[in-house]
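In what follows, a single structure is set out as structure tokens and then discussed.
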Number of protein chains: 2
Amino acid sequence: MKPLTQKTLTISIQDYLKHIYELTENGENASTNALARKLRISAPSVTGMVQKMASAKPALVEYQKHQGVTLTKEGRRAALEVIRHHRLLEAWLVQTLGYSWDEVHEEAERLEHVISEDFERRIAAAMGHPLRDPHGELIPTADLKMPIEDSTPLSALRPTQTGTIQCVKAADTGLLRYLESLGLVPGAQIEVKEYSPFDHNLTVKVGRKTTVLGMNITSKIYIEES
Amino acid sequence: MKPLTQKTLTISIQDYLKHIYELTENGENASTNALARKLRISAPSVTGMVQKMASAKPALVEYQKHQGVTLTKEGRRAALEVIRHHRLLEAWLVQTLGYSWDEVHEEAERLEHVISEDFERRIAAAMGHPLRDPHGELIPTADLKMPIEDSTPLSALRPTQTGTIQCVKAADTGLLRYLESLGLVPGAQIEVKEYSPFDHNLTVKVGRKTTVLGMNITSKIYIEES
DNA sequence: AATAAAATTTAGTTATGCCTAAATTATTCT
DNA sequence: AGAATAATTTAGGCATAACTAAATTTTATT
């Protein structure tokens, strides 16, 4: 008996659902292997749990051997509930406790599983039912529909095109701090100056700063064109 | 496979510690049976876990067969940490989200285990480092000392004595609502009118209301005499 | 089409935290 | 003190969610 770990590193069903949702947003099925990588557990563990979630009543996922998983209506609702919690919490932490956008993710990650529906309603109301979180990500509605994102990845823009940053799809603290230092935050005006066909790098101007950005970044920033 | 319960109703070490703290506040050891009743699990389960907590390094409790449990310094710190979280959260939920004092307990019960030290610091600072929660219970300090409670149980007062309600030690929603309807909330002035030696009932006057209270209630209300 | 490589599942194991039933130890009563 | 009762622990078991190693199925290559 050493430090008495307990706190079983068991992954909650909610986390399974959330990650399956993220993997299937593009319409594809999520492979059990991809899920395993994302959840940082072994592939057999995922297969086992996915089989249970599929044979639960009501079923949370659809699953066929070697075909990967998708969410059922039930499963999707549960996933959107967690995502709504997460994003409302991020907004709430920033607005009322002065967290910065690079600090909120971890905290929200833990809180999202334990807040009540009452708590959810109260913070949503207190903030005037926000549509997006501090990164600009859309917040699922109270009736658990995901609004449609109409902005385009920065990576799809070409020189002379301009727009407003709508959303930055990233959770990593270091990256977020870096992007903020460049002014690459939701609401910022951006103009594409140059495009390099070799590596798909874009040279962009934000405020009075000009920066060269790689695909790894431009694919994560979403723009409302103007 | 039915509704897929998961969410192991496993009791966290933090909860064990919190309940042991509550049972040993009066200086006595906590019996494993009393703990079992409080945690609503079987006595053997408690014995097993308590043995682990005692042989963990660092040990969280001291335990000898048939002698019950007490907290070690480590264990007490961990317990006070959770209690501090709980009470700060209750205060914060009331102050910033408009919860009433009878609604906060459950929510705080779940949140207390997942908030970060950073979160704790932020809400404490935002509220100006409150000394008591909405029920008047003392909040352990940031360095994890429990302040000393200097008020007396209402049950110890006798006619003509007066004072201010300092603290109401109750968590039950119904009881709290009832007490609030009688004006029996922290800060209220109270005067003892009559004492019944048979059943120890007290007749008290709060505001312009006069009420007869049984021991079950008077033992839970703490008064600062005046 | 056959074979090699990769992805995925099955089989079997482990650790944990709970349980019930039985055994033991402590306490109370006459 | 001795017997009856109550409190507590030991023993043995079960369920769950993870794991590794082996088997199988799918996909890619020649």
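Quick caveat, the model's predicted, so the values are computed rather than measured. First the proteins, then the strands, lettered A, B, ... as listed; each starts at 1. Values below: all heavy atoms of this structure, side chains included; hydrogens, waters and symmetry mates excluded.
Put simply, CD1 on B/I13 is 11 Å from C1' on C/dT16, counting in whole angstrom units. Atom CD in A/Q64 sits about 15 Å away from atom C1' in D/dT26, given to the nearest Å. Between B/M53 atom CE and C/dG17 atom C1' the separation is 13 Å, expressed in whole Å. One interatomic measurement links the two molecules: CE of A/M49 to P of C/dT9, which rounds to 15 Å at whole-angstrom precision. Spacing between atom CD of B/Q51 and atom P of C/dG17 amounts to 14 Å, rounded to whole angstrom units.
Checking side-chain atoms of B/T173 against main-chain N and O of B/D102 turns up a donor-acceptor pair under 3.5 Å. In this structure a side-chain-to-backbone donor-acceptor pair under 3.5 Å is missing from B/N201 to B/V212. A/R84 contributes a side-chain N or O that, together with a main-chain N or O of A/P140, makes up a donor-acceptor pair within less than 3.5 Å.
Between B/F119 and B/W92, the distance separating the two ring centers is shorter than 6.0 angstrom.
Geometrically, B/R122 engages A/Y99 in a cation-pi contact, judged by NZ or CZ lying under 6.0 Å from the ring centre and within 45° of the ring axis.
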List the steps and the verdict of ring-ring contact (aromatic ring centres under 6.0 Å, His included) for B/H105 and B/H135.
CA-CA 10 Å; B/H105 184 74; B/H135 307 98; 7.6 Å; no
If the sugar-phosphate is the primed atoms plus P, OP1 and OP2 and the base is the rest, what is the B/S/- string for nucleotides 19-26 of chain C, using protein heavy atoms under 4.0 Å?
BBB---SS
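Heavy-atom contacts from other residues, nucleotides or ligands closer than 6.0 Å to NZ of A/K169 number more than 12.
Between C/dT9 and A/Y63, a contact under 4.0 Å exists linking OP1 or OP2 to a side-chain N or O.
In the region residues 28-38 of chain A, proximity to DNA chain C at under 4.0 angstrom, judged on heavy atoms, holds for A/S31, A/T32, A/N33.
Between B/E149 atom CD and B/Y222 atom OH the span is 8.0 Å, to the nearest 0.5 Å.
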